[in-house]
Chemist: 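Dumping the structure here so I can ask a few things about it.
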Amino acid sequence: MRKSWLMLGLLLFCFTATVQAEEGWIELFNGKDLTGWTQKNGTATYEVKDGTVLGTTKTGSPNSFLCTDEEYGDFELEFDVKVHDRLNSGVQIRSQTKGNTNEGRVNGPQVEIESGPAEAGYVYGEATGRGWLTPEERLKKHPHFKNGEWNHYRVVAKGPRIQTWINGEPIEDLNDEEIYKTHPKGFIGLQVHGIGKDQGPYSVAWKNIKLKKLDD
């Protein structure tokens with residue numbers, strides 16, 4: 001009987017994996033190592049721990065980013081994240097570096113990660129000189145981010161439109177032609193924010209990072 005249950009579980013797992021692959025989902029993180037990712041900027045540490053990408057602050061470091069080696073244009077992105085209550089973080093989308101080098105400053109749209117009530121899920125223009133891309137009148141604190149727990153994010157980027165959800169709740173629906181002209185495609189980047197002196201260390205963890213291309 002036990003063997004039958006094990007076989008049934010294996011079949012269900014294979015079926016789920018096959019359906020997901022058929023739907024076009026790409027697992028950006030394999031749960032074992034950081035293959036396909038490269039760190040840009042900063043000296044925060046990134047490691048794989050218990051099937052997650054764990055990023056930890058380092059005093060004196062500027063913002064750090066673990067970035068996909070591949071670039072993406074139109075896509076649907078999903079991931080789960082848990083962050084220390086005193087650490088601000090985010091996920092870069094369609095981003096680039098100045099001069100296209102690993103040392104060049106990472107810049108582009110960033111989906112905010114922050115304990116709340118705060119601005120989690122809104123879109124910031126990291127190093128673009130624009131500050132928040134979300135208009136000020138919509139930049140309102142909300143309680144949909146669960147502090148100290150895993151939170152599920154969904155991001156859809158299609159043309160100049162960027163939509164975000166946290167734990168199934170719609171947060172942002174942004175149409176920004178200006179940022180689309182300069183950042184129509186780029187890498188996905190996991191941010192560990194810089195911290196002040198005598199603070200930290202703080203950590204942020206990601207898992208279940210997957211993406212579906214919408215270009216076709």
Chemist: Shortest non-hydrogen contact from Asp176 to Arg130?
Modeler: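 Shortest heavy-atom separation between Asp176 and Arg130 comes out as OD2-NH2, 2.9 Å.
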
Chemist: Please indicate whether Lys58 has more than 12 foreign heavy atoms, meaning atoms of other residues, nucleotides or ligands, lying under 6.0 Å from its NZ.
Modeler: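 Open.
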
Chemist: Keeping the roles fixed (side chain from Thr97, backbone from Gly104), state whether a donor-acceptor pair exists under 3.5 Å.
Modeler: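 Flag not set: sc Thr97 to bb Gly104 has no pair under 3.5 Å.
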
Chemist: Check Ser203 against Thr56 and note the closest heavy-atom contact, atom names and distance.
Modeler: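 Of all heavy-atom pairs spanning Ser203 and Thr56, the closest is OG-OG1, 3.0 Å.
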
Chemist: Between Glu114 and Lys141, does any NZ, NE, NH1 or NH2 come within less than 4.0 Å of an OD or OE carboxylate oxygen?
Modeler: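 Looking at Lys141 and Glu114, the cut-off is not met.
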
Chemist: With the side chain counted from C-beta on, respond yes when Tyr124 and Pro109 share a heavy-atom pair under 4.5 Å apart, and no when they do not.
Modeler: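 In short, these two side chains do not touch, never coming nearer than 4.5 Å.
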
Chemist: Might you point out which heavy atoms bring Leu133 and Gly125 nearest each other, and give the distance in Å?
Modeler: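 Closest approach of Leu133 to Gly125: CG-N, 3.7 Å.
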
Chemist: Salt bridge or not for Glu119 and Lys140, using N-O below 4.0 Å?
Modeler: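 Result for this pair is no, no salt bridge flagged.
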
Chemist: List the steps and the verdict of side chain to side chain contact (heavy atoms under 4.5 Å, CB included) for Val83 and Phe145.
Modeler: CA-CA 10 Å; Val83 65; Phe145 189 97; 3.7 Å; yes

Chemist: What I want to check is whether the side chains of His183 and Asn107 have a donor and an acceptor closer together than 3.5 Å.
Modeler: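 Asn107 and His183 do have a side-chain donor-acceptor pair below 3.5 Å.
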
Chemist: Quick one: do Leu139 and Leu174 end up in the same hydrophobic cluster if we chain Ile, Leu, Val, Met, Phe, Trp and Tyr together by side-chain heavy atoms under 4.5 Å apart?
Modeler: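 Same hydrophobic cluster.
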
Chemist: Is a salt bridge present between Glu76 and Arg154, judged by a nitrogen-to-oxygen distance below 4.0 Å?
Modeler: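 The answer is yes: the pair qualifies as a salt bridge.
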
Chemist: Please report the closest heavy-atom contact between Glu126 and Val106, naming both atoms and the distance.
Modeler: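 Smallest heavy-atom distance, with atoms named: CG-O, 3.9 Å.
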
Chemist: Looking at every non-hydrogen atom in both residues, tell me the closest pair between Ile171 and His144 and how far apart they are.
Modeler: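 Result for this residue pair: CD1-CD2, 3.8 Å.
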
Chemist: What distance do Gln96 atom CD and Thr128 atom OG1 have between them, rounded to the nearest 0.5 Å?
Modeler: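 One gets 10.5 Å once the value is rounded to the nearest 0.5 Å.
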
Chemist: Donor-acceptor pair, distance only, cut-off 3.5 Å: does the side chain of Glu78 make one with the backbone of Val155?
Modeler: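 Such a contact is absent between Glu78 side chain and Val155 backbone.
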
Chemist: Rounded to the nearest 0.5 Å, how far apart are CG of Asn100 and CD of Glu103?
Modeler: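 Rounded to the nearest 0.5 Å, the CG-CD separation comes out at 12.0 Å.
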
Chemist: Which of parallel (below 30°), tilted (30 to 60°) and perpendicular (above 60°) describes Tyr122 and Trp132?
Modeler: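 Ring orientation of Tyr122 relative to Trp132: perpendicular.
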
Chemist: Supply the atom-to-atom distance Asn147 CG to Glu149 CD, rounded to the nearest 0.5 angstrom.
Modeler: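 Reported value, rounded in 0.5 Å steps: 8.5 Å.
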
Chemist: In this structure, which one of Lys213, Lys185, Arg94 forms a side-chain hydrogen bond (donor to acceptor under 3.5 Å, both in side chains) with Asp74?
Modeler: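 So the option named by the test is Arg94.
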
Chemist: May I ask you to decide whether Asp173 forms a salt bridge with Arg161, counting only side-chain N to carboxylate O separations under 4.0 Å?
Modeler: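 A salt bridge is present here (some side-chain N lies under 4.0 Å from a carboxylate O).
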
Chemist: Does any part of the side chain of Asn63, heavy atoms only, come nearer than 4.5 Å to the side chain of Val192, both counted from C-beta?
Modeler: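 No, every pair of side-chain atoms sits at 4.5 Å or beyond.
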
Chemist: So, do His142 and Ile166 sit near enough that their side-chain heavy atoms are less than 4.5 Å apart?
Modeler: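 Result yes, sub-4.5 Å side-chain heavy-atom pair found.
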
Chemist: Decide side chain to side chain donor-acceptor pair (under 3.5 Å) for Asn88 and Glu112; before the verdict, give the C-alpha distance in whole Å, the side-chain angles of both, and the deciding distance to 0.1 Å.
Modeler: CA-CA 8 Å; Asn88 170 278; Glu112 181 77 1; 2.4 Å; yes

Chemist: Would a 4.5 Å heavy-atom cut-off, applied to side chains only, mark Leu28 and Trp37 as touching?
Modeler: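 Contact flag for Leu28/Trp37 side chains = yes.
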
Chemist: Above 12 or not: heavy atoms from other molecules or residues under 6.0 Å from CG of Asp50?
Modeler: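 Result for CG/Asp50: open.
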
Chemist: Please determine whether a side-chain nitrogen of the Lys or Arg among Lys210 and Asp80 lies less than 4.0 Å from a carboxylate oxygen of the Asp or Glu.
Modeler: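 The answer is no: the pair does not qualify as a salt bridge.
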
Chemist: I need the single residue from Phe29, Trp150, Tyr153 that forms a ring pair (Phe, Tyr, Trp, His ring centres under 6.0 Å) with Phe79. Which is it?
Modeler: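 Exactly one candidate clears the test, Tyr153.
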
Chemist: Taking the side chain as C-beta and beyond, is there a heavy-atom pair between Leu54 and Trp206 under 4.5 Å?
Modeler: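 When only atoms from C-beta onward are counted, Trp206 and Leu54 do not touch, as no gap falls below 4.5 Å.
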
Chemist: Using a strict threshold of under 4.0 Å (side-chain N to carboxylate O), is an ion pair present between Arg138 and Glu172?
Modeler: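 Yes, Glu172 and Arg138 are salt-bridged.
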
Chemist: As an exercise, state the distance from CZ of Phe187 to OH of Tyr72, rounded to the nearest 0.5 Å.
Modeler: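 Here the interatomic distance stands at 12.5 Å.
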
Chemist: Dump the intermediate steps for side chain to side chain contact (heavy atoms under 4.5 Å, CB included) on Phe75 and Ile93, then the final yes or no.
Modeler: CA-CA 10 Å; Phe75 58 82; Ile93 62 171; 3.7 Å; yes

Chemist: Report the C-alpha separation of His84 and Thr57 in whole Å, then their side-chain angles, then the decisive distance to 0.1 Å, and conclude whether the side chain to side chain contact (heavy atoms under 4.5 Å, CB included) test is met.
Modeler: CA-CA 11 Å; His84 190 286; Thr57 59; over 6 Å; no

Chemist: Using only atom types and a distance under 3.5 Å, with no angle test, would you say the side chain of His193 pairs donor to acceptor with the backbone of Ser64?
Modeler: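 Answer holds: no.
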
Chemist: Do Ile195 and Ser61 touch side chain to side chain, with heavy atoms closer than 4.5 Å?
Modeler: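 They are not in side-chain contact.
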
Chemist: So how far is it from Ile209 CD1 to Asn30 CG, rounded to the nearest 0.5 Å?
Modeler: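 Spacing of CD1 (Ile209) from CG (Asn30) equals 10.0 Å.
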
Chemist: Measuring from atom NZ of Lys197 to atom OG1 of Thr59, what distance do you get when rounded to the nearest 0.5 angstrom?
Modeler: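 The distance works out to 10.0 Å.
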
Chemist: Are the side chain of Asn167 and the backbone of Asn151 linked by a donor-acceptor contact shorter than 3.5 Å?
Modeler: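 Pair absent, no side-chain N/O of Asn167 close to backbone of Asn151.
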
Chemist: Identify the residue among Asn102, Thr68, Asp69 that makes a side-chain hydrogen bond (donor to acceptor under 3.5 Å, both in side chains) with Thr38.
Modeler: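 Filter result, single survivor: Asp69.
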
Chemist: I would like to know whether Ser89 and Gln191 meet side chain to side chain donor-acceptor pair (under 3.5 Å); could you show each step before the answer?
Modeler: CA-CA 6 Å; Ser89 183; Gln191 184 200 55; 4.5 Å; no

Chemist: Same cluster or not: Phe65 versus Leu34, using hydrophobic residues (I, L, V, M, F, W, Y) connected whenever any side-chain heavy atoms lie under 4.5 Å apart?
Modeler: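 The answer is no; the residues belong to distinct hydrophobic clusters.
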
Chemist: Following the transitive rule for hydrophobic clusters with a side-chain heavy-atom cut-off under 4.5 Å over Ile, Leu, Val, Met, Phe, Trp and Tyr, establish whether Val81 and Tyr46 coincide in one cluster.
Modeler: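 Yes.
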
Chemist: Taking all non-hydrogen atoms of both residues into account, name the closest pair between Thr52 and Ala205 and its distance.
Modeler: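 Where Thr52 meets Ala205 most closely, the heavy atoms are OG1-CB, 4.1 Å.
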
Chemist: I'd like to know whether Thr35 forms a side chain to side chain donor-acceptor pair (under 3.5 Å) with Asp33, so could you lay out the CA-CA distance, the side-chain angles of the two residues, the decisive distance to 0.1 Å, and finally the verdict.
Modeler: CA-CA 6 Å; Thr35 299; Asp33 56 41; 2.6 Å; yes

